[in-house]
Protein chains: 2
Amino acid sequence: MASQSIDRPGPAATRELSPVDGLAQLSFVIHRLLERRAAEHDLSIIQMRLLGVLRDRRPTMNELGRLLALDKSSVSGLVERAERRGLVARAPSPADGRAVLVSLTDHGRSLVSDVSSQFGADVFALLNRLSASDRRALSRLVSRLLVAHAADLEIDLFPSIDID
Amino acid sequence: MASQSIDRPGPAATRELSPVDGLAQLSFVIHRLLERRAAEHDLSIIQMRLLGVLRDRRPTMNELGRLLALDKSSVSGLVERAERRGLVARAPSPADGRAVLVSLTDHGRSLVSDVSSQFGADVFALLNRLSASDRRALSRLVSRLLVAHAADLEIDLFPSIDID
DNA sequence: TATTGTTATACTCTATAACTATA
DNA sequence: TATAGTTATAGAGTATAACAATA
């Protein structure tokens with residue numbers, strides 16, 4: 001976890017987190033940035049993920065469950081609450097009489113767009129603490145890591161990247 | 001968010017995520033690693049954070065609320081459920097008749113230790129996708145970023161680092 | 001009076017199980 | 001029969017408000 005003791009170099013030396021602790025800490029910081037921005041618009045992380053997934057898809061409830069890794073009953077509740085707020089809309093599938101298609105409303109689209117850009121700005125501001133060359137180096141290393149990780153999981157990282 | 005289109009370099013070139021998308025993606029990947037390991041022991045992220053915070057502290061309920069950024073009533077419920085599972089113990093404070101001190105039980109300590117080391121191994125395995133020199137460089141950059149960020153927030157990153 | 005903590009209440013989020021309607 | 005979706009129910013997690021006990 002991020003709670004272990006750290007080796008301390010000399011008193012005045014620049015201290016460095018262990019690689020594991022550093023990544024864990026960073027992940028919490030970024031997660032909290034999104035949580036905070038979403039909360040400003042009364043959105044939970046999962047509501048935000050729902051809207052994010054719908055930005056470039058019009059899935060059935062069933063597909064939504066796979067995309068968000070939720071049980072179909074959880075999806076029913078999640079979509080119901082989002083629909084009540086006017087963020088998404090449900091429509092019967094023309095292709096399958098049992099299925100329901102879920103899509104963003106204009107309001108939902110503008111909301112997810114706002115939160116996304118605010119969150120992006122937060123991350124950008126965080127990255128701005130580094131020099132331009134450090135930033136470029138970090139970005140390259142992170143990409144390399146994610147590409148390798150995605151390959152492991154046989155996930156396509158590029159056609160459309162979501163918060164699933 | 002992590003759902004924006006990405007600039008695509010040449011067809012065969014090595015693609016790279018935007019800095020913002022890369023960090024966001026990485027943060028989600030790592031968050032999910034912890035979530036999965038904790039779930040294997042029937043722990044939620046917040047229960048895991050509770051145990052993590054208690055590894056080197058014996059706070060009051062009130063302090064716990066500040067450490068975890070939760071309302072005191074939320075802390076009551078959280079600690080109650082953890083206590084029912086035998087993971088933490090409550091004791092009256094000798095110093096203040098109103099206060100309650102919360103600490104890990106042996107079971108709680110061994111549990112948080114297990115999950116932490118499993119999670120650490122997961123992150124290590126992820127990092128292992130990079131060469132040793134890339135890994136070192138990434139670690140250094142991440143540390144630099146977090147140190148700057150902690151300084152902004154006037155947080156002491158080193159005496160004892162937790163998941164708060 | 002102010003602070004610490006618990007309890008009552010309400011809502012979100014999640015899963016399991018039972019159900020309806022369609023394929 | 002199998003699949004898509006909803007509903008009933010139960011529990012974790014969160015917050016607000018009202019309360020009791022102590023400072």
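So you know, we letter chains A, B, ... as the sequences are listed, proteins then strands, and number each from 1. No hydrogens, no waters, no symmetry mates; every other heavy atom, side chains included, goes into these values.
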Quiz prompt | Parallel, tilted or perpendicular: rings of A:His31 and B:Phe28 (30°, 60°) | solution = perpendicular

Quiz item: Under 4.0 Å between a Lys/Arg side-chain N and an Asp/Glu carboxylate O for A:Asp122 and A:Arg36?
Solution: yes

Quiz item: Taking CD1 from A:Ile45 and P from D:dT14, how many angstroms apart are they, rounded to a whole number?
Solution: 13 Å

Exercise. Evaluate the side-chain proximity of A:Leu26 to B:Leu23: yes if any heavy-atom separation is below 4.5 Å, no if none is.
Key: yes

Please tabulate, one pair per line, each protein N/O and nucleotide N/O from nucleotides 16-20 of chain D that are separated by under 3.5 Å, including the distance.
| residue | atom | partner | partner atom | Å |
| --- | --- | --- | --- | --- |
| D:dT16 | O4 | B:Ser73 | OG | 2.7 |

Self-check item: Length of the line joining A:Leu67:CG and D:dA4:P, which is rounded to integer Å
Solution: 14 Å

Quiz item: Shortest non-hydrogen contact from A:Leu101 to A:Pro94?
Solution: CD1-CD, 4.0 Å

Quiz prompt | Residue pair B:Ser116, B:Arg55: steps toward the side chain to side chain contact (heavy atoms under 4.5 Å, CB included) verdict | solution = CA-CA 11 Å; B:Ser116 289; B:Arg55 294 218 285 187; 3.6 Å; yes

Practice problem: Could you pick out which residue, A:Gln47 or A:Arg98, lies toward the 5' side of DNA chain C when each is mapped onto its nearest nucleotide? | Solution: A:Gln47

Quiz item: Considering only C:dT4, C:dT14, D:dA2, which nucleotide approaches the side chain of A:Ile46 most closely?
Solution: C:dT14

Quiz item: Taking atom P of C:dG5 as reference, at what distance in whole Å does atom CG of B:Asn62 sit?
Solution: 5 Å

Quiz item: Are A:Asp71 and A:Ser73 close enough that a side-chain donor and a side-chain acceptor fall under 3.5 Å?
Solution: yes

Exercise. Grab the CG-C1' distance between B:Leu64 and C:dT6 for me, whole Å please.
Key: 15 Å

Practice problem: Mind checking B:Ser76 for me? I need base, sugar-phosphate or nothing, with any heavy atom below 4.0 Å counting as a touch. | Solution: base

Quiz item: Which pair of heavy atoms, one from A:His107 and one from A:Arg85, lies closest together, and at what distance?
Solution: ND1-O, 4.0 Å

Practice problem: Applying side chain to side chain contact (heavy atoms under 4.5 Å, CB included), run through B:Val102 and B:Leu64 and close with a yes or a no. | Solution: CA-CA 8 Å; B:Val102 184; B:Leu64 222 33; 3.9 Å; yes

Self-check item: B:Thr105 (side chain) donor-acceptor with B:Gly86 (main chain) under 3.5 angstrom
Solution: yes

Exercise. Would you mind reading off the distance between B:Met61 atom CE and D:dA21 atom P, rounded to a whole angstrom?
Key: 18 Å

Quiz item: By a strict heavy-atom criterion of less than 4.0 Å, which residues belonging to residues 77-97 of chain B are in contact with DNA chain C?
Solution: B:Arg90

Quiz item: What is the distance, rounded to the nearest whole Å, between atom CG of B:Leu70 and atom P of C:dT6?
Solution: 14 Å

Quiz item: Between A:Glu35 (CD) and C:dT12 (P), how many Å, whole number?
Solution: 17 Å

Quiz item: C:dG5 C1' sits how many Å from B:Leu101 CG, rounded?
Solution: 13 Å

Exercise. Compare every heavy atom of B:Val79 with every heavy atom of B:Val88, then report the nearest pair and how far apart it is.
Key: CG2-O, 3.9 Å

Quiz prompt | Taking every non-hydrogen atom, the tightest pair across A:Gly22 and B:Leu146 | solution = O-CD1, 3.3 Å

Exercise. For the helix from C:dT1-D:dA23 to C:dA23-D:dT1, figure out the bend between the end axes, five pairs an end, and round to 10 degrees.
Key: 10°

